[in-house]
Structure formats: structure tokens, C-alpha cells
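Proteins get letters first, then strands, A, B, ... in listed order; numbering begins at 1 in each.
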Amino acid sequence: GAGVSQSPSNKVTEKGKDVELRCDPISGHTALYWYRQRLGQGLEFLIYFQGNSAPDKSGLPSDRFSAERTGESVSTLTIQRTQQEDSAVYLCASSLEPLFAGKEQYFGPGTRLTVT
Amino acid sequence: AQSVTQLDSHVSVSEGTPVLLRCNYSSSYSPSLFWYVQHPNKGLQLLLKYTSAATLVKGINGFEAEFKKSETSFHLTKPSAHMSDAAEYFCVVSRTGTASKLTFGTGTRLQVTL
């Protein structure tokens, strides 16, 4: 079956503009995660959705970042008034259920965001 | 709180020689530990995971890792490197038994030479 997909694969935007990144999780996966990977660094957790529960937003770096998910389907990550330090690869992952006993997360290919 | 430290940012080995990628973790709770691999222009793929069962964990492509609680380590090994193993490897920790986000290390880039 299809894996996690993300769009666009690449996005170049001017500083100050808003961007919206999309993630389509694997069908049936209740948990969805967004991460950011800056050049040469590990992944930073941003936000986590689990079913209809309130999302865990503890990793969002500022109020310019927000994310939505409708039910157990598509999620969008929005960055308002982009800054150059927002340049990174944004990765989405989904899993069948929360990370009980080490359930695997399946990652999408990422969206490479460049802010000029 | 939890954290993970990958001791080498870059490792270079010759094809056919053993691979050792080092990882130390810190966790206030019983940890689950993972190794993920990221090939250029491809998504992250799970290599193996430890979730409080056997301390020696075997993964895909001949990789294995041993959980050593006394040393707080979870080093990744492979007896014989292959050119296709060249990639970025991430050690990851999460808290077993709860819904929890993953905490990633900064990664180790493995280079395999002829």
C-alpha cells in the first residue's frame, strides 16, 4: 500500500510569506507527527496528533507555527511570516497507534523549505 | 526527560569491515530505543527497535544493536559493511508504555569506501 506522502517536495519562499505543508498519512494510522530537520542536525519534534485528542504542541518553536488535522486524515503545517531560520526539511510520520511498546513510525519523504 | 547522544558525527569504514555506530541515552523512565536509517533523498526507515524484551536486537540488512543498561548504551553494529550501507543513521529514544514523541540523536553519517 501507499506510504506517507508529503507535498510539495520542495518549496522556496520569500521571507515574510506564509507557507502551508501537507501530509497524507498511511490509511488507518491514528497517530501523526511533524518533525523539522535542519541541515546537519537531528530531527526536532514539532507536534503530535492522536485521534480526536488534543494535539501535543510542545515542540512548536513559536506562535508562527500551527498545524491542523481533520480526524485521522490529512494534516497541514502552516508557517506564518517565514524567517530564514525556518529553512529546513519538514518530515511527517504516522503510526498505527501511540508509541506503546515501541510501535514503528513511518516517515514521509519530507518537504524541503527554503526561505530566501 | 530523555535524550540521546551519538558520539560520532561521521564514521568511515572499508567495504567488508565491521561497522560500529555509537549511541548513549539518558532517560528517567524505561526507554524504548530505535535506530533509523536515512538514505539520500529518501525517507527515514526503521532498522531495529528495543522495547524491554531481548537486549540483543536484530534488524534489517544484517544490523544489530545491544541494549546495555549499565552503560546506558545502544550501539549499532554490522559484521561486514556494504557500499549500500552508506547513509545517515539516527539513534532514537522514547518512553515505553506511553504515548510519547521520539527524541532523535543528531545522526552519524556512515561512509563506506572500496
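Residue Gln37(A) touches chain B through its side chain alone, counting heavy-atom pairs closer than 4.5 Å.
Applying the side chain to side chain donor-acceptor pair (under 3.5 Å) test to every pair with at least one member in residues 4-22 of chain A, sequence neighbours left out, gives these pairs: Arg22(A)-Asp24(A).
Of all the listed residues (Arg109(B), Glu88(B), Gln38(B)), the one sharing the greatest number of non-hydrogen pairs under 4.5 Å with chain A is Gln38(B).
No close placement of the Phe45(A) and Phe104(B) rings is indicated, their centers lying 6.0 Å or farther apart.
Trp34(A) and Tyr48(A) are assigned to two separate hydrophobic clusters, defined by single-linkage of ILVMFWY side chains at heavy-atom distances under 4.5 Å. When the side chains of ILVMFWY residues are joined at heavy-atom separations under 4.5 Å, either directly or via intervening members, Ile79(A) and Leu91(A) end up in two distinct hydrophobic clusters. In the hydrophobic cluster analysis, where Ile, Leu, Val, Met, Phe, Trp and Tyr join through side-chain heavy atoms closer than 4.5 angstrom, Phe107(A) is grouped apart from Ile47(A). Cluster membership for Tyr33(A) and Phe65(A), using ILVMFWY side-chain heavy atoms within less than 4.5 angstrom, is not shared.
For the atom pair CD (Gln45(B)) and OH (Tyr106(A)), the distance works out to 10.0 Å, reported to the nearest 0.5 Å.
Side-chain atoms of Val92(B) and Leu43(A), non-hydrogen and from C-beta on, never get closer than 4.5 Å to each other. Inter-residue side-chain proximity for Tyr36(B) and Gln105(A) is flagged as met; some heavy-atom pair is nearer than 4.5 Å.
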